[in-house]
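What follows is a set of notes on a single structure, which appears directly below.
Ligands are counted one by one from 1 in listed order, and the atoms in each one are counted from 1 as well.
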Amino acid sequence: MSEIPGPRSQALMQPLRAHESRNVTFISPEFPIAWDHASGARVVDADGNSYIDLTAAFGVAAVGHANPRVAAAIAAQAAALPHAMGDVHPASIKATLLERLAAFSGIPDAKIFLSSTGAEAVEAAMKTAMMATGRSRFASCIGGYHGLSFGTLGISGIEKFRQPFQHHIASDTIRFAFGDLAAAQQALRGTHDIAAIIVEPIQARGGCIVPDDGYLQGLRSLCDEIGAMLILDEIYTGFGRTGTRFAYSHEAIIPDVLCVGKAMGGGFPIAATIARKEIMDAWPRSDGEALHTSTYLGNPMGCAAALAVMDELDAGLMQRGNAIAKIISHAGVRIASRRAVRAVRGRGAMWGIQLESAAQVQAAMLAAMQRGVLLLPCGPQGDVISLTPPLVISDDDLHTALMIIDDHLQA
Ligand SMILES: Cc1ncc(COP(=O)(O)O)c(C=O)c1O
């Protein structure tokens, strides 16, 4: 155990300072720590300090850091066949994954594009909507985050990410306030050129904003009315994060296209774009030259990881989202009474504590880290503490972490 960040963590920042783009890692005397290893909901840094992780590393470690079944599946696949050919000779495990994921997704007659990152999954969804509608314009939400590639920047709802690159990204996107169905209807009714509305069921990076019941149903009807596809970006909310396999099932709607990633691979980079057959079949049949593919599409280790993640979720882990929600909402009543707290909101294992300012969130993050709890900020202003623990977190660890946050907020 050492001061935080300890000497090893601090020393490890030197190569980052010297050799990583300075845009990537924020480094100060108090931040960050270098992660060395992790298990379940616990992370250990390079100095041997142990932390309760309430980030799941951007929501990825839903089935737990270094989940032994996922690690074993990746290791076995790495020994047998770590890589095959995305759009030429497929790995046999890709066939297994496609069948399983199609059924797991709940999308009837699902057909799938596999990819490596969330942004790629969203871009494949955008291309699919263009193919299916013959249109090229998109509508998205203010505050929405869908990745940072050029295609996804065109639909991003966070201005600062677009601003430096605006001359190279789509400028005809229609944006409307998240959660406000009337605003969406006002912006889009009467249009005939929208390929898709793209939306997160719960705005994650935008501040953990949970829309009112009926919002997604309303967007579903609006899409039907204007002949647009409904693309649900469940890259954060999918794979058990909100207490069900996918957040869309809370509203009993079926999206036209579903984007998943993050938790899907349990730490291995794999993502997917899932659509009903009649939509995906708007793409031409491959004649030996795929119009959309990539080197690592359907990477066998990613397929093995995703199969193991679905096994873990189906073996009872999914219900943990609701148990976690009970604990956080119970503690949230006390936390919400603290002076700096504006709101506590969330669903399943995805919660936000909105404070008065980003500075307060930064202070809370640093204080929690000193006491062994890892947090992340979210919200366009950075004024929300995001809580997205691994689903495997123990009740004790969760209670301890929430008490540490509350201690800081009442101080
Ligand atoms: C809702 C949502 N969509 C897309 C992305 C982009 O995923 P990736 O960073 O894997 O490209 C993210 C990442 O945070 C996300 O939260």
Practice problem: May I ask you to decide if the ring planes of Trp283 and His292 are parallel, tilted or perpendicular, using 30° and 60° as cut-offs? | Solution: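 It falls in the tilted class, 30° to 60°.
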Practice problem: Check the angle between the aromatic planes of Phe31 and Phe26 and answer parallel, tilted or perpendicular using the 30° and 60° thresholds. | Solution: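 The arrangement is tilted - the two ring planes meet at 30° to 60°.
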Can you produce the list of protein nitrogen or oxygen atoms under 3.5 Å from a nitrogen or oxygen of ligand 1, alongside each distance?
residue, atom, partner, partner atom, Å
ligand 1, 3 (N), Tyr145, O, 3.3
ligand 1, 3 (N), Asp233, OD1, 3.2
ligand 1, 3 (N), Asp233, OD2, 2.6
ligand 1, 10 (O), Gly118, N, 2.9
ligand 1, 11 (O), Gly118, N, 3.4
ligand 1, 11 (O), Ala119, N, 2.8
ligand 1, 14 (O), Lys262, NZ, 2.9

Practice problem: Answer yes when Asp311 and Arg100 have at least one side-chain N-carboxylate O distance shorter than 4.0 Å, and no when they do not. | Solution: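 Yes, this pair counts.
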Quiz item: So, are Arg8 and Asp45 salt-bridged, with charged N and O less than 4.0 Å apart?
Solution: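 Salt bridge: no.
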Quiz item: Rounded to the nearest 0.5 Å, how far apart are CG of Asp256 and OG1 of Thr133?
Solution: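 Answer rounded to 0.5 Å: 10.5 Å.
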Quiz item: If you measure from CE on Met310 to CG on Leu317, what distance do you get to the nearest 0.5 Å?
Solution: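 These two atoms lie 14.0 Å from each other.
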